[in-house]
Amino acid sequence: ALAGAAPFQHNMDDDVIEDMCKNIIQDLSDYGLCVLDNFLGHEEGKTVFAEVLNIKDTGALRDGQLVSTKGKAKEDLKTIRSDKICWVHGKEPECLHIGHLIGRVDTLITRANKMANNGKLGQYNINGRTKAMVACYPGSGAHYVKHVDNPNRDGRCITAIYYLNLNWNVHTCGGLLRIFPEGWREDRVADIEPIFDRLLFFWSDRRNPHEVQPAFDTRYAITLWYFDAAEREEAVRRYDKERLMEKSSSSST
Ligand SMILES: Cn1c(O)c(C(=O)NCC(=O)O)c(=O)c2ccccc21
Ligand SMILES: [Mn+2]
């Protein structure tokens, strides 16, 4: 190892991984979502949090969703600033601990996909993912309207969110993630508190509409979206065709 490079946490031992994977497979098939707490452990969680704070301090975070301006007076737009995001590979020198987190989640998802019946997790064949989206909600009532991550088969099948918020209390800080799982009774929702070192998985498609309720303290999370090979390939093909059509129609005009 490079002199002075902190040797990252030894690999999780196998039966710990196996256990977590069984938990993920069981919960995703029963509820469409799965929560793993104390995922990295306190010390490692804090190294990831420190890198996210550094990203924020360097000003790399950009406005996420557009705050709808219609019907809102100018001044209250400022108060409800929206989420801010940036995309991280995990190989950047200032993001090595985020990279380590990504590797750990990759290990789980890959292993769970192998372990699930006939090598598919919820009938998926997971072969890739997006980069990591680092998100920050400034504590000014910023929220995220109810939405589905992947409503139109863009290839994303599992959303993985890692929360970084130390001593988060939803009663005073808000920022609750409320999922409205399809098929649950009308009055049944899944309320997930964005607490430190918590890892959440859920199906990315229309089965899991969800919203982030207004946050009154700074709220950080890192999201990865995992791809199903077939759905992604089909989505890319569709996208390329659309671009081709656009080009041919624009060139013919
Ligand atoms: C900032 N932010 C999000 O927070 C969620 C989201 O669903 N978050 C759930 C959560 O943080 O608990 C998103 O799904 C999302 C999608 C595109 C761009 C930004 C986005
Ligand atoms: Mn979402």
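Read the numbers this way: they start at 1 and go in the same order the structure lists the ligands and their atoms. Heavy atoms only: backbone and side chains are in, while hydrogens, waters and symmetry mates are out.
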Would you mind running through ligand 1 and noting each atom that sits below 4.0 Å from a heavy atom of Tyr137?
1 (C), 2 (N), 3 (C), 4 (O)
With heavy-atom distances below 4.0 Å as the criterion, list the atoms of ligand 1 near Leu177.
9 (C), 12 (O)
When you measure from atom 13 (C) of ligand 1 to every protein heavy atom, which one gives the shortest distance, and what is it?
His147 NE2, 3.8 Å
Is there a donor in the side chain of Asp154 and an acceptor in the side chain of Tyr239, or the other way round, less than 3.5 Å apart?
no
Salt-bridge contact Asp106-Arg129 (side-chain N to carboxylate O under 4.0 Å):
yes
Ring geometry between Phe49 and Tyr220 (parallel below 30°, tilted from 30 to 60°, perpendicular above 60°)
perpendicular
re atom 18 (C) of ligand 1, the protein heavy-atom contact at minimum distance is Tyr144 OH, 3.7 Å
Below 4.0 angstrom, N of the basic side chain to O of the carboxylate: do Asp14 and Arg111 qualify?
yes
Would you say Asp228 and Gln123 are linked by a side-chain donor-acceptor pair, where the criterion is simply a distance under 3.5 Å?
no
Is there a heavy atom in Glu211 that sits closer than 4.0 Å to ligand 1?
no
Measure the spacing between CG of Leu177 and OH of Tyr144 and express it to the nearest 0.5 Å.
12.5 Å
Arg238 with Glu233: basic N within carboxylate O range, under 4.0 Å
no
Which atom name would you report as the N, O or S atom of His210 nearest the Mn ion (ligand 2)?
NE2
Quick one: is the NZ or CZ of Lys146 closer than 6.0 Å to the six-membered ring centre of Phe180, and within 45° of its axis?
yes
Of all N, O or S atoms in Asp149, the one closest to the Mn ion (ligand 2) is OD1
Ligand 1 to Ile161, heavy atom cutoff 4.0 Å, flagged ligand atoms 9 (C), 10 (C)
Heavy-atom gap Arg219 to ligand 1 smaller than 4.0 Å:
yes
Shortest protein contact, atom 12 (O) of ligand 1 (heavy atom only)
Tyr163 OH, 2.7 Å
Who gets closest to atom 9 (C) of ligand 1 by heavy atom: Asp83, Val212, Asn150?
Val212
When you compare the side chains of Thr130 and Trp225, does any donor N or O come within less than 3.5 Å of an acceptor on the partner?
no
Closer than 4.0 Å to some heavy atom of His210 - which atoms of ligand 1 meet that?
7 (O)
Given that the side chain starts at C-beta and the backbone is N, CA, C, O, which of these parts of Ile192 lies under 4.0 Å from ligand 1, counting heavy atoms, or is it both or neither?
neither
